[in-house]
Amino acid sequence: MCGIVAYVGPKDAAPILLEGLQRLEYRGYDSAGLAVVNSRSLKTRKVKGRVADLAAAVPAKFKGGIGIGHTRWATHGAPSDVNAHPHLDQEQRIAVVHNGIIENADELRRRLEGDGVKFESETDSEVLSHLIGRMVKETDSLREAVLRALKSVVGTYGIAVVDAQRPGEIVVARNGSPIVLGLGEKEMFAASDVAALIRYTRQVVHLEDGELAVIKADGFNTFTSDARETAKEPFTVDWDAGHYDNGGYEHYLLKEISEQPDTVARTLRGRIDDRFHIAHLGGLNMDARETRSFRRVKIIGCGSAYYSGQIGAQLIEELARIPADAEPASEFRYRSPVVEPDTLYVAISQSGETYDTLAAVQELKRKGGRVLGIVNTVGSAIARETDGGIYLHAGPEVSVASTKAFTSTAVAFALLALHLGRVRDLSPADGRRICDGLRRLPEQIKEILTLEDQIRELAKKYADAPGMMFVGRVRGYPVAREGAQKLKEISYVHAEAYPASELKHGPLALISPELPTVAVVPDDELLDKNLTTLGEIRARHGRILMVGHRTSEAADDCIVVPRNEVELDPILLTIPLQLFAYHAAVALGRDVDRPRNLAKSVTVE
Ligand code: AGP
């Protein structure tokens, strides 16, 4: 959730740290801080607010060629100057930035306070600086001090630590929260996300859980938690700094929605085979025999990733005729799931770092499950932990609300469903129909994007409502869920999604002119049933915005999108709902890219 950046090299660290923090702000944005080492003493600045507030508080001459920075998403202690990181030890020798949660922080704090340590903040993270501060006096090595301190810690962390007495090195460590090293020319970087490094280097090394690294201007060494050195191969990130710019759009969210014709084309590129009407998915690492052997598919992910998994489950059942369902990874990991050898597990994550999803994957692996990943971020933890998978190639998603990654995930599932179907009973004719449909998607998304003016006006019309109901049936239901999710997270308008068929079992009581309904109504075999539901809403004086393939007098307003194959229609029906949520949020003056209380990458439980 929080962003970490660290620099050691010949330049002044502060501008590099501030630049990196700006790039990481989507991970957390309630307070920020940095520390640099100069003449064997620490200089720090910490502020409640955004990275821009921190930049304003850092004097122009803030010299020091080694430093660490942090942008925070509060878990323990309200956002404030003192609760902002870095945290220092009592001698002001050690500075620590931390992402994650120290579960035994209260116990450690009591113990340290009993020994006379005075805490400055309410955070769990501050125990780390005091523990390391004590250990560093007992040993001659910062690495050793960090290793020893971490032995008494229970919880998750990505940390970066500097010691004013050792101004040539930074120690970073990972357990559950990402840390990536960036290799420069006589300079080294570390961060919680490549976004912070990409302006300076594309050569990176990911730390594994339990690993620690010592970085110096001329290189790095990595170690296990029992101080054994590990060997790491750097790899080259194929995104560049331009991918992280807003491209002249007012918000990253609008940029990312608008990119979808290209990002979907990238997800599809090289993966459709017209000879046999199959999907080429080399990264699955499974031969045809193994692919045929699965009797169930279980999909796990969190939030929007989970909703895209529901679209995926529907696609797999329809095209491959394998029972499939999706479940929130955050629930799955805690209910001691039965892991079956003939079930294919699929974990979905844009960031590849969502802690609940990663923990679910680790639980599955421990029980011998076969797990694939559908992931956007190459080299991320979930990509590394899974047995194989599909990269989305959607490019970095910066806005907190997921749009292009959601769409590309649904497209990746269509490819997986085609692949599983064609080694079973999906006919060549149906295979061709799906391949052709997939190929039409980018142009059809372009067409939907031309509806933006109409959708902007509709968003303005409905944005004043105190809440909205979203309904859909079967293929339309996950679309309705994602539509409600987008609206609530960026506009803060209360939004509920229900299967259309469930309305009469309870939620119909809510329907009134004050609670408009967004109805997802594709032209499929359930059209008549959906129109009947609209009639029921109308009879209760509910206003209706229908999203589908035709206009209808049963609705007050209609958004009409192009038709594809019925199985693929959910992918297209989601796009207008993204634009609707975006323009509702703009009309309400919300901070579209950084909605309150949320963070892009949820690396805590
Ligand atoms: C999406 O709009 C949300 N911000 C959120 O639900 C997100 O999809 C979820 O946290 C999972 O993230 P991931 O795809 O990076 O794992």
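Given the structure is predicted, the values throughout are model-derived calculations rather than measurements. Order of listing sets the numbers, starting from 1, for every ligand and every atom in it.
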Would you mind checking which non-hydrogen protein atom is closest to atom 11 (C) of ligand 1, with the distance to 0.1 Å? Cys302 O, 3.2 Å
Heavy atom under 4.0 Å from ligand 1: found in Lys486's side chain, backbone, both, or neither? side chain
Indicate the atoms forming the closest heavy-atom contact of Gly100 with Ser177, along with that distance. CA-OG, 3.7 Å
Would you say the side chain of Val346 lies within less than 4.5 Å of the side chain of Val371, judging by non-hydrogen atoms? no
Of all heavy-atom pairs linking Glu211 and His206, the shortest is OE1-O, 4.3 Å
Around atom 16 (O) of ligand 1, find the nearest protein heavy atom and jot down its residue, atom name and distance. Thr354 OG1, 2.4 Å
Can you see whether Phe470 has Arg481 sitting over its ring - NZ or CZ less than 6.0 Å from the centre and within 45° of the normal? no
Which of the atoms of ligand 1 are close to Ser402, meaning less than 4.0 Å from one of its heavy atoms? 1 (C), 2 (O)
Side-chain donor-acceptor contact under 3.5 Å, Ser402 with Glu397: yes
Could you tell me whether Thr357 and ligand 1 have an N or O pair separated by under 3.5 Å? no
Atom 10 (O) of ligand 1: nearest protein contact (heavy atom, Å): Val602 CG2, 4.0 Å
Looking only at distances, can you tell me whether any N or O atom of Ile348, backbone or side chain, sits closer than 3.5 Å to an N or O atom of ligand 1? no
Check contact between Gln485 and ligand 1, using heavy atoms of the residue and a distance below 4.0 angstrom. yes
